[in-house]
Undergrad: 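Got a structure for you, written out below as structure tokens; questions coming shortly.
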There are 2 protein chains.
Amino acid sequence: MSGSCFAEKLSELIDLTEVEHKTLEKLEERQRHVRRGAVLQRENEGGGELYVLRKGLMMSYVLLHDGSRQILRFLFPGDMLGISSAVYQEAPETLAALSDCVVCPFDRGVLADLMREHPRLAAMVLVYSQIERVALTDRLAALGRTSAKARVAALLLDLRNRLRATDKSLANVFSLGLTQEEVGDATGLTAVHVNRMLRQLEEEQLIAREGGRVTLLDERALARAANYVNRYEGLDLGWLPKAG
Amino acid sequence: MSGSCFAEKLSELIDLTEVEHKTLEKLEERQRHVRRGAVLQRENEGGGELYVLRKGLMMSYVLLHDGSRQILRFLFPGDMLGISSAVYQEAPETLAALSDCVVCPFDRGVLADLMREHPRLAAMVLVYSQIERVALTDRLAALGRTSAKARVAALLLDLRNRLRATDKSLANVFSLGLTQEEVGDATGLTAVHVNRMLRQLEEEQLIAREGGRVTLLDERALARAANYVNRYEGLDLGWLPKAG
DNA sequence: CGCACGCTTGACTTACATCAAAAGCCGTGG
DNA sequence: CCACGGCTTTTGATGTAAGTCAAGCGTGCG
């Protein structure tokens, strides 16, 4: 087992060579602990570093002029953070920790080195950036065209699926680790309405709740109600450049 | 001037070498004409090819179970299309032409070659994919947290700015080339409500309209109302691998 | 010419927001 | 160990932005 979280994630899709492993370990040489609630990078500030998230749950969000917040994405162990901020002089989004986290900061130059020396890894960075793109378009469609209930259901399904990516043993029960306010900021709803939607899902026997833990009782029906597609399946990587 | 649309777009950000130019021309060796309304690639179908859009206006969209449509993105000359579809066995989105278009199809293998032999171009593909990512998150925030009027205003501003990227002479007047239904499908609104918002923007002297042409009368106020940020500025490319 | 499609406008409905208040829960300090 | 203050969660009453339905109009095109 490698010392790199990112490598571990890549290993699910391709077989890494020894050299590739070594290269990826360079991304995670340094470590930094981030307290729950702390901000790793603030919107409109410069000097964006890149990170690999090693442990914990984070989110990225933007604030609008009226003070409202839109959560753009939840971040899980193995995810690479701050690529978009690295491309801009000023970060387009804030990165904040939802639980105590461990991140590995690395320099943009290291990414450049990686792209120069390891085309296949460069291609994989592009692949993940496309997976994320598709996840964003799914959410865009959800916000633009689906009901409040569907959006909440989709969020529950997606969180569970992404948690499961790091913890295979995870079944239908999990603690979502978000306040209803945060669920609202992710789905474009108010906390009050999120509460009502959760209760409705509960009444319809689609989920159960007790003390912050959620159980998905009827995953099939939930996915139907949410227009949900699991985007972590169905990839095609046959075209990648050869290793080495 | 190069024969490649994509190269032309890249040239705005970096100075391409002779060899890089040659490489990019390979992406646009073949040409295909696409009629207004025609579909280049359909959601959930396989065999996704990649394209560079050379001429015209296209869009990508998804259809939901209830038949409603969410337009994800408008595509302009110089844009690379179908990267996300190339990563999946089945295309996650439909590509359709809003006007008569010319596209240049190329194989995923060509992209792999490019990434292997030209790290700097590979990095630029990643950069554009991040610019697009940020554009999507801006739209996500708009759909989740802003009013109908703001969303319509943001769409008008963005269309004008992106049109101007291909035609520098474009000022404040342009024909948007979209039906109000399409504007609605992009902003998560109904055609009827789009109409009302346009009229309101007109009444407030923010825009003027006549026969499909729109004039932005007060760009500053419009941007403020829309929470709009132009994402085609403020890039930082100092970290790119060296050419060659 | 006439038909289809897009635009416009009005009347009415509805999903979600807002406002408000009470009750649980959780860490902190006396 | 308990009391307190500050978050969350929950629920009800009311408001409103945007959707739905419907009809009339202009216009380009077969």
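Below, read A as the first sequence line, B as the second, and so on, with proteins coming before strands; counting in each chain starts at 1.
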Undergrad: Would you mind reading off the bend of the helix from C/dC1-D/dG30 to C/dG30-D/dC1 from its two end axes, five pairs each, to 10 degrees?
TA: 40°
Undergrad: Using 0.5 Å steps for rounding, measure from the CD1 atom of A/Ile131 to the CG atom of A/Leu136.
TA: 12.5 Å
Undergrad: Does OP1 or OP2 of C/dG10 have a side-chain N or O of B/Arg199 closer than 4.0 Å?
TA: no
Undergrad: If the condition is side-chain contact (heavy atoms from CB on, under 4.5 Å), which residues does A/Val173 pass it with, not counting sequence neighbours?
TA: A/Arg213, A/Thr215
Undergrad: For B/Glu182 and C/dG6, what is the distance between atoms CD and P respectively, to the nearest whole Å?
TA: 8 Å
Undergrad: Rounded to whole Å, how long is the line connecting atom CZ of B/Arg36 with atom P of C/dC5?
TA: 12 Å
Undergrad: Does the side chain of A/Asn44 pick up a donor-acceptor pair with the side chain of A/Tyr88 at under 3.5 Å?
TA: no
Undergrad: Write down the distance between CE (B/Met197) and C1' (C/dT8), rounded to a whole number of angstrom.
TA: 14 Å
Undergrad: Quick check for you: name the first and last nucleotides of DNA chain D, 5' to 3', having an atom under 4.0 Å from a heavy atom of chain A.
TA: D/dT8 to D/dA13
Undergrad: Could you tell me the separation between the CD atom of A/Gln41 and the OH atom of A/Tyr51, rounded to the nearest 0.5 Å?
TA: 6.0 Å
Undergrad: Return the minimal non-hydrogen interatomic distance between B/Val134 and A/Ser84, and the atom names on each side.
TA: CG2-CB, 3.8 Å
Undergrad: For B/Gln200 and C/dT8, give me the distance from atom CD to atom P, rounded to whole Å.
TA: 14 Å
Undergrad: Return the 5'-most residue of the pair B/Arg196, A/Glu181 with respect to DNA chain D, ranking by each residue's nearest nucleotide.
TA: A/Glu181
Undergrad: For residues 217-230 of chain A, which residue pairs qualify under salt bridge (Lys or Arg N to Asp or Glu O under 4.0 Å), counting only residues two or more places apart or in two chains?
TA: A/Arg160-A/Glu219
Undergrad: Which letter, B, S or -, goes with each nucleotide of nucleotides 23-28 of chain C from 5' to 3', with contact meaning a protein heavy atom under 4.0 Å?
TA: ------
Undergrad: For residues 138-146 of chain B, tabulate all N or O donor-acceptor pairs below 3.5 Å that involve a side-chain atom, not counting sequence neighbours.
TA:
residue, atom, partner, partner atom, Å
B/Asp138, OD1, B/Arg231, NH2, 3.1
B/Asp138, OD2, B/Arg231, NE, 2.8
B/Arg139, NE, B/Leu72, O, 3.4
B/Arg139, NH1, B/Ala186, O, 3.1
B/Arg139, NH2, B/Ile71, O, 2.9
B/Arg139, NH2, B/Leu72, O, 2.8
B/Arg145, NE, A/Arg69, O, 3.0
B/Arg145, NH1, A/Leu189, O, 3.3
B/Arg145, NH2, A/Gly184, O, 3.2
B/Arg145, NH2, A/Asp185, OD1, 2.6
B/Arg145, NH2, A/Leu189, O, 3.0
B/Thr146, OG1, B/Ala142, O, 2.8

Undergrad: Nearest whole Å is fine: how far is C/dA17 P from A/His193 NE2?
TA: 6 Å
Undergrad: Could you check how far CZ of B/Arg209 sits from P of C/dG6, rounded to whole Å?
TA: 16 Å
Undergrad: Checking all strands, does B/Gly211 fall into the base, sugar-phosphate, or nothing category for heavy-atom contacts under 4.0 angstrom?
TA: nothing
Undergrad: Contact class for A/Gly184 (heavy atom, under 4.0 Å): base, sugar-phosphate, or nothing?
TA: nothing
Undergrad: Quick one: are A/Leu64 and A/Val62 in side-chain contact, heavy atoms under 4.5 Å?
TA: yes
Undergrad: Classify A/Thr179 by what it touches in the nucleic acid, base, sugar-phosphate, or nothing, heavy-atom distance under 4.0 Å.
TA: sugar-phosphate
Undergrad: Taking atom types as modelled, is there a side-chain donor on B/Arg162 or B/Tyr232 under 3.5 Å from an acceptor on the other?
TA: yes
Undergrad: Are more than 12 heavy atoms, taken from residues, nucleotides or ligands other than B/Glu210, located less than 6.0 Å from that residue's CD atom?
TA: no
Undergrad: Nearest-Å distance, CG (B/Asn195) to C1' (C/dC5)?
TA: 15 Å
Undergrad: Without decimals, in angstroms, what is the distance between A/Lys149 NZ and C/dA15 C1'?
TA: 12 Å
Undergrad: What distance do B/Leu53 atom CG and B/Lys9 atom NZ have between them, rounded to the nearest 0.5 Å?
TA: 9.5 Å
Undergrad: Would you kindly compare B/Thr146 and A/Val192 by the position of their nearest DNA chain D nucleotide and give the one closer to the 5′ end?
TA: A/Val192
Undergrad: Between B/Gln31 and B/Val103, is any pair of side-chain heavy atoms under 4.5 Å apart?
TA: no
